[in-house]
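Structure record follows, encoded as structure tokens.
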Amino acid sequence: MNKKWTLLFALAALLLASCNENMDGRYSHRGVIALNGLAPELNEELNTKGTPTPADYYISVLNEDGDAVQDVQGRLLENLSLSALKAEGKPLDVMAGSYSLVARTAENIPTAGFDCPVYAGEVPVTVVAGETSTPGQITCKLAQCKVTIDYDEQLLAGMTGAGNARVEVTAGSPLDFAVAYEGGTPVPEARAGYFALPSESSSMIVTITAVIGGKSLKMSKAFNGVKAAQWRQITLIPMVTPEGTATFDVLINGYVDDGELLSYSVAPAEEVIGTDPKAPAGDGGITLGFAEDCTMFDDV
């Protein structure tokens, strides 16, 4: 008799579990995300050298804390090839909840590098138990800040040795825009640098070293409000007054800050391509100053 009742209870439990999984998902905690129709597109408002035409996108599913989640089979849904997922022909089977679906043109964003633009975008996805969720269109924009450095022709003509412009957005990971000196001619780095952003609005430190007229000069300058999808154009310019006194101009979004130096000096001028609706008024708290080891000269 005991064996009979045991068997009956086991059959009832099996039937109940089967019903729970098949009653239109009313008792299921699982849903699926369909990817077959997903086709991310690029927003190419910025002119990035070698703008990627990606052969693939990399997909991640993040929870409300921004962490990658696992599907019900235990696979981590992070940096997965979209083409491979489509080839599987199966939707992503996840627990019901609210997620963000992220697409990128590379598995990772380099901290700093030349000619390495990465585009990324995301859309919210709500997964309902027992139902199929279809993500909306994902538009990917530049996920980094693009930086280029140009030199005024007069400044280049005055250079008598190698130089360098070091740009740092993430502490400890600078990128050097070197100026070679070949056959008496300075040859600046012409490539664009791309920088990951440690925060939504970051700072950028530019340190210039140059040999001008046989004199070694060094200057550092900080730029605030650096954001993704910006192109920061930095131009190095010399200025001399009619009286022969060397000065500099710092041009930042039309704001001009003049200052006198005792030497023929290098100073960065910056232009931001594209308007930033959250940009601070005036100079935005930008500071300008010489590094502690800067050597000053008197040309008089």
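Below, all heavy atoms of this structure are taken into account, side chains as well, without hydrogens, waters or symmetry copies.
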task: For residues Val226 and Leu197, report the shortest heavy-atom separation together with the two atoms involved.
output: O-CD1, 3.6 Å
message: So does Ala34 get a backbone contact from the side chain of Thr134, meaning a donor-acceptor N/O pair under 3.5 Å?
response: no
- request: Run the numbers on Val179 and Tyr151 for side-chain contact (heavy atoms from CB on, under 4.5 Å), then give the verdict.
  value: CA-CA 10 Å; Val179 180; Tyr151 293 79; 3.2 Å; yes
- prompt: Do Pro135 and Ile33 come close enough that some side-chain heavy atom pair is under 4.5 Å?
  reply: yes
message: For a side-chain contact (heavy atoms from CB on, under 4.5 Å) check, start with the C-alpha distance between Asn79 and Asn108, then their side-chain angles and the critical distance, and finish with the verdict.
response: CA-CA 8 Å; Asn79 290 335; Asn108 298 292; 3.9 Å; yes
query: If only atom types and distance count, is the side chain of Gln137 paired as donor or acceptor with the main-chain N or O of Ala39 below 3.5 Å?
result: yes
- prompt: Given side chains that start at C-beta, do those of Leu82 and Pro40 come closer than 4.5 Å, heavy atoms only?
  reply: yes
field: Nearest heavy-atom neighbours spanning Ile205 and Ala222
entry: CD1-CB, 3.6 Å
query: With distance as the sole test, does Glu168 use its side chain to make a donor-acceptor pair with the main-chain N or O of Gly172 at under 3.5 Å?
result: yes
query: Looking at side-chain heavy atoms only, is the closest gap between Thr148 and Trp231 below 4.5 Å?
result: yes
- prompt: Between Ser81 and Asp56, is any side-chain donor less than 3.5 angstrom from a side-chain acceptor?
  reply: yes
query: How far apart are the closest heavy atoms of Tyr119 and Cys140, and which atoms are they?
result: CD2-O, 3.7 Å
query: Is there a side-chain contact between Thr126 and Ser133, using heavy atoms and a 4.5 Å cut-off?
result: no
message: Among Val102, Leu77, Leu38, which residue satisfies the side-chain contact (heavy atoms from CB on, under 4.5 Å) criterion with Ile59?
response: Leu38
message: Checking the side chain of Glu189 only, and the main-chain atoms of Arg191 only, is there a donor and an acceptor separated by less than 3.5 Å?
response: yes
- prompt: Quick check: does any side chain N or O of Gln144 sit under 3.5 Å from a backbone N or O of Val118, one acting as donor and the other as acceptor?
  reply: yes
message: Less than 4.5 Å apart, side chain to side chain, heavy atoms only: is that true for Val167 and Ile149?
response: yes
side-chain contact (heavy atoms from CB on, under 4.5 Å) evaluation trace for Thr185 with Glu182: CA-CA 5 Å; Thr185 303; Glu182 302 173 355; 5.8 Å; no
- line: Closest non-hydrogen atoms of Leu101 and Ile138, given as atom of the first, atom of the second and distance, are O-CD1, 3.8 Å
query: Roughly how far apart are Cys116 SG and Lys146 NZ, rounded to 0.5 Å?
result: 11.5 Å
query: Distance from Leu42 atom CG to Tyr57 atom OH, nearest 0.5 Å?
result: 3.5 Å
task: May I ask whether Leu236 and Val211 are part of the same hydrophobic cluster, defined by side-chain heavy atoms of I, L, V, M, F, W, Y residues being less than 4.5 angstrom apart, directly or through others?
output: no
message: Quick check on Glu64: does its CD atom have over 12 non-hydrogen neighbours (other residues, nucleotides or ligands) under 6.0 Å away?
response: no
task: Might you work through the side-chain contact (heavy atoms from CB on, under 4.5 Å) test for Tyr194 and Leu142, ending with a clear yes or no?
output: CA-CA 10 Å; Tyr194 292 86; Leu142 187 65; 4.2 Å; yes
field: No-hydrogen, no-angle side-chain donor-acceptor test under 3.5 Å, Gln230 and Arg232
entry: yes
field: Single-linkage hydrophobic cluster, 4.5 Å side-chain cutoff, Val69 and Val123 together
entry: yes
query: Any link between Val187 and Leu155 through a network of hydrophobic side chains (Ile, Leu, Val, Met, Phe, Trp, Tyr) touching at under 4.5 Å?
result: no
Option from Ile208, Leu175, Asp176 for which side-chain contact (heavy atoms from CB on, under 4.5 Å) with Arg166 holds: Asp176
- request: Consider only side-chain N and O atoms of Glu78 and Ser60, and report whether a donor and an acceptor are under 3.5 Å apart.
  value: no
Heavy-atom closest pair, residues Pro110 and Ala196: O-CB, 3.5 Å
Side chain to side chain, Gln70 and Arg75, heavy atoms closer than 4.5 Å: no
- request: Return yes if some donor-acceptor pair links the side-chain N/O of Asp65 with the main-chain N/O of Asp67 below 3.5 Å, else return no.
  value: no
message: Just verifying a value: how many Å separate Gln73 CD and Asp93 CG, rounded to the nearest 0.5 Å?
response: 5.0 Å
message: When you group the ILVMFWY residues by side-chain heavy-atom contacts below 4.5 Å and let the links chain together, are Tyr99 and Val128 in the same group?
response: no
task: Please indicate whether Lys90 has more than 12 foreign heavy atoms, meaning atoms of other residues, nucleotides or ligands, lying under 6.0 Å from its NZ.
output: no
- request: Write down the atom of Ile234, the atom of Met204, and the distance for their closest heavy-atom approach.
  value: CD1-CE, 4.0 Å
query: Among the clusters formed by ILVMFWY side chains lying less than 4.5 Å apart, do Tyr58 and Leu35 turn up in the same one?
result: no
message: Side chains of Asp71 and Leu92, heavy atoms from C-beta outward: is any pair under 4.5 Å?
response: no
